[in-house]
Amino acid sequence: MQQKVRFQIEGMTCQACASRIEKVLNKKDFVESAGVNFASEEAQVTFDDSKTSVADIAKIIEKTGYGAKEKTEDTLPQAEAEHHIGWRLWLLLAINIPFLIGMTGMMIGRHDWMIPPVWQFVLASVVQLWLAVPFYKSAWASIKGGLANMDVLVTIGTVSIYLYSVYMLFFSPHAAHGMAHVYFEVGVMVIGFVSLGKFLEHRTKKSSLNSLGLLLKLTPTQVNVQRNGEWKQLPIDQVQIGDLIRANHGERIAADGIIESGSGWADESHLTGESNPEEKKAGGKVLAGALITEGSVVYRATQLGSQTLLGDMMNALSEAQGSKAPIARVADKAAAVFVPTVVGIALLTFIATWLIKGDWTLALMHAVAVLVIACPCALGLATPAAIMVGMGKAVKHGIWFKDAAAMEEAAHVDAVVLDKTGTLTEGRPQVAAVYCVPDGGFDEDALYRIAAAVEQNAAHPLARAIVSTAQARGLGIPAAQNAQTVVGAGIAAEVESVGLVKAGKAEFAELTLPKFLDGVWDIASIVAVSVDNKPIGAFALADALKADTAEAIGRLKKHNIDVYIMSGDNQGTVEYVAKQLGIAHAFGNMSPRDKAAEVQKLKAAGKTVAMVGDGINDAPALAAANVSFAMKGGADVAEHTASATLMQHSVNQLADALSVSRATLKNIKQNLFFAFFYNILGIPLAALGFLNPVIAGAAMAASSVSVLGNALRLKRVKIN
């Protein structure tokens with residue numbers, strides 16, 4: 001049986017490490033697929049659990065030289081600790097200061113600013129023989145694993161320049177005359193810059209890229225819980241299902257629950273993307289993480305931790321951010337051969353420079369510059385960094401993508417297929433038009449009062465729509481007696497001071513509608529009304545469009561996306577809705593199989609299709625589309641089949657999802673261009689001697705941070 005497991009990976013230093021783990025796992029016959037995300041430091045493995053176990057897979061990863069800890073959905077992601085500069089990096093930076101001053105002096109002709117060679121040797125030895133040990137361990141583990149990582153390049157370069165300088169200081173013919181040319185500062189500063197770059201990269205990956213930290217802050221650490229009739233302040237981990245919890249103004253809800261008492265307003269935008277607070281009363285639901293903006297409520301906990309909607313979202317986001325987009329394969333293939341290629345270029349640089357210039361010291365400097373300028377990290381971070389930020393931005397707008405592949409595919413969508421009921425419309429009948437018989441003796445308000453008096457005795461959705469509209473208009477509804485239902489026709493009752501009132505089909509109320517009425521009467525459900533068998537008017541009830549549907553369709557068209565309606569309703573109704581929205585393609589009377597077949601036709605015509613639906617009948621079409629979106633709270637099979645979930649029942653969220661996806665893919669391409677351009681430009685410049693090793697090391701450290709910085713720009717991108 002196939003099983004999927006996620007691991008938190010420890011010890012990776014660049015994309016080559018991630019590629020190595022992937023390569024080892026994918027060679028195993030019991031592994032169906034394995035992907036390792038360098039940015040999120042996570043591995044996702046699908047395997048045959050009849051042939052191996054989670055523990056065995058963890059051991060395989062550990063044998064490649066990395067730590068592996070299983071991640072489950074039973075516990076929420078843990079908050080990241082503060083990322084401070086450790087003592088090792090502080091000491092390394094302190095040792096860099098005298099060398100930095102000395103190099104600055106040399107650039108302005110003050111060679112006396114550099115500390116004496118012997119002291120250079122002492123400080124460089126502290127760095128090379130002690131502080132640089134983590135680089136050596138990582139490099140050795142990588143080589144043992146069969147794939148060289150970035151630390152191999154740094155190790156070869158800095159050790160070479162250190163050994164060269166030691167030789168020149170103590171053993172060369174020039175040493176006795178104090179004329180030895182040493183370059184201890186190169187190794188020290190390369191180690192320093194690279195270490196600082198790694199720290200900044202790690203902090204950005206853990207803090208700024210990932211939205212999980214912000215979501216974790218939505219759950220309070222202490223809550224007011226009623227125990228034995230008394231209110232006590234308890235840690236969140238001591239709360240149990242069934243506990244009564246109090247949340248006052250300005251506090252956050254700790255668990256999903258049902259309100260027992262009190263009332264207020266709650267901001268649930270962290271889940272839905274909708275910034276307008278919702279009113280909460282006794283009997284209503286509250287969701288973990290919601291902020292009480294006004295009032296105070298006491299609620300009974302029904303779901304805790306990872307079982308809450310917030311917990312489910314956090315686990316979904318964690319898994320989605322850890323997945324890999326197809327476009328990442330470009331960087332993966334490059335990273336797999338990157339380090340050996342760079343070592344080969346460095347060796348050729350050394351030989352060519354020595355032969356041309358006749359100076360093996362200069363040749364060594366050029367070769368070391370090539371080694372330290374190269375950076376597979378920027379390539380490895382280009383795609384996952386943007387995906388992590390893009391996923392977080394999508395979640396902020398109430399959109400849950402299942403994986404990175406779905407987000408990438410959504411960026412290419414040029415055709416959208418929409419179900420009608422519950423997607424474009426409210427999914428419940430509403431009064432769309434009212435007709436009063438001329439000289440019938442009753443105006444519109446009177447027609448509502450009389451009809452509601454009879455219909456309040458019926459349970460039909462059309463009856464409820466008329467009654468609720470009358471109540472919303474503030475009309476007094478008179479009493480009705482002796483109500484009798486005529487199956488398939490309508491309902492009749494005696495209404496005080498009015499007479500015998502019938503409400504139902506047109507023939508039941510003996511009403512013939514005139515032909516000059518609005519088009520909505522042709523597609524709506526009709527409820528006619530008569531008094532003492534004399535028709536007085538009628539209501540046209542239709543499934544009303546959602547308030548933001550027209551705006552959403554306009555946004556899709558703005559991006560040259562073709563919009564299609566496919567519904568099981570009759571063709572006339574579907575065409576009427578399409579006309580209201582300016583949609584050219586409208587298909588009615590469609591079965592689930594018909595919808596799926598039509599989606600396949602669009603794909604065969606070269607379209608990248610997105611399908612949106614919320615019902616069981618939408619599942620086949622959702623599965624057939626390139627990328628699919630289900631409404632949260634709809635049919636389980638629809639949510640399970642879809643590539644993403646929309647927390648609001650709104651097509652506007654679909655437009656948001658496609659916009660975020662386009663922005664993310666654009667950012668990925670920018671990152672890949674920068675990473676490739678950096679190496680294509682930097683390596684030749686280093687080989688030709690235009691960059692010394694120190695500048696090359698600083699540039700290498702800055703390249704990864706630059707890619708991460710560009711990815712963070714996604715947070716500020718406007719959705720259109």
Side-chain angles (χ1 to χ4, degrees), residues 13 85-108 110-140 150-172 175 178 180-202 346 350 361-375 377 682 686 689 691-705:
T13 59
I85 296 179
W87 65 266
R88 184 183 292 272
L89 182 53
W90 275 122
L91 180 57
L92 186 55
L93 294 176
I95 292 175
N96 267 263
I97 291 174
F99 288 102
L100 184 60
I101 293 172
M103 288 194 68
T104 303
M106 282 191 278
M107 286 190 288
I108 62 174
R110 295 298 303 270
H111 294 271
D112 56 319
W113 285 13
M114 181 62 78
I115 58 177
V118 173
W119 280 108
Q120 292 183 44
F121 164 72
V122 171
L123 293 177
S125 297
V126 170
V127 171
Q128 213 70 54
L129 303 179
W130 179 34
L131 298 179
V133 168
F135 285 90
Y136 305 154
K137 288 182 177 179
S138 173
W140 178 240
M150 179 193 73
D151 290 338
V152 172
L153 300 179
V154 174
T155 296
I156 294 173
T158 57
V159 169
S160 298
I161 208 72
Y162 173 76
L163 293 177
Y164 165 81
S165 297
V166 169
Y167 170 78
M168 293 300 292
L169 180 62
F170 296 109
F171 304 107
S172 76
H181 293 284
V182 294
Y183 298 97
F184 289 114
E185 74 278 3
V186 172
V188 170
M189 297 186 75
V190 166
I191 294 292
F193 281 131
V194 174
S195 298
L196 180 60
K198 280 189 173 186
F199 166 76
L200 294 174
E201 174 191 311
H202 184 73
F350 178 81
T361 301
L362 182 64
L364 178 62
M365 295 296 287
H366 287 191
V368 171
V370 169
L371 291 171
V372 298
I373 191 68
C375 184
C377 293
L691 294 173
N692 67 49
V694 173
I695 300 299
M700 188 266 277
S703 64
S704 296
V705 178

Looking only at atom types and distance, does a side-chain atom of [X] sit under 3.5 Å from a main-chain N or O of [Y], one as donor and one as acceptor?
X: Tyr136; Y: Gln128; result: yes
X: Ser160; Y: Ile156; result: yes
X: Gln120; Y: Glu185; result: no

With rounding to the nearest 0.5 Å, note down the distance linking [atom1] in [X] to [atom2] in [Y].
X: Ile191; Y: Thr158; atom1: CD1; atom2: OG1; answer: 4.0 Å
X: Leu129; Y: Leu131; atom1: CG; atom2: CG; answer: 10.0 Å
X: Ser195; Y: Leu93; atom1: OG; atom2: CG; answer: 8.0 Å
X: Trp87; Y: Leu89; atom1: CH2; atom2: CG; answer: 11.0 Å
X: Leu163; Y: Met168; atom1: CG; atom2: CE; answer: 13.5 Å
X: Leu92; Y: Ile95; atom1: CG; atom2: CD1; answer: 6.5 Å

side-chain contact (heavy atoms from CB on, under 4.5 Å), that's the test. Do Leu123 and Val188 meet it? Break it down for me. CA-CA 8 Å; Leu123 293 177; Val188 170; 5.6 Å; no
Can you see which heavy atom on [X] is nearest to which on [Y], and at what distance?
X: Ala94; Y: Pro98; result: O-CD, 3.4 Å
X: Phe99; Y: Met114; result: O-CE, 4.0 Å
X: Gly192; Y: Asn96; result: CA-ND2, 3.7 Å
X: Ala686; Y: Ile373; result: CB-CG2, 3.9 Å

Ignoring hydrogens and angles, write down the donor-acceptor pairs under 3.5 Å from the side chains of residues 361-370, residues two or more places apart or on other chains.
residue : atom : partner : partner atom : Å
Thr361  : OG1  : Tyr164  : OH           : 2.7
His366  : ND1  : Ala687  : O            : 3.4

Parallel, tilted or perpendicular, judged at 30° and 60°: which one describes the rings of Tyr162 and Phe121?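 Ring orientation of Tyr162 relative to Phe121: parallel.
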Please examine the side chains of Trp130 and Leu91, heavy atoms only from C-beta on, and report whether any two atoms are closer than 4.5 Å.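 Yes - at least one pair of side-chain heavy atoms lies under 4.5 Å apart.
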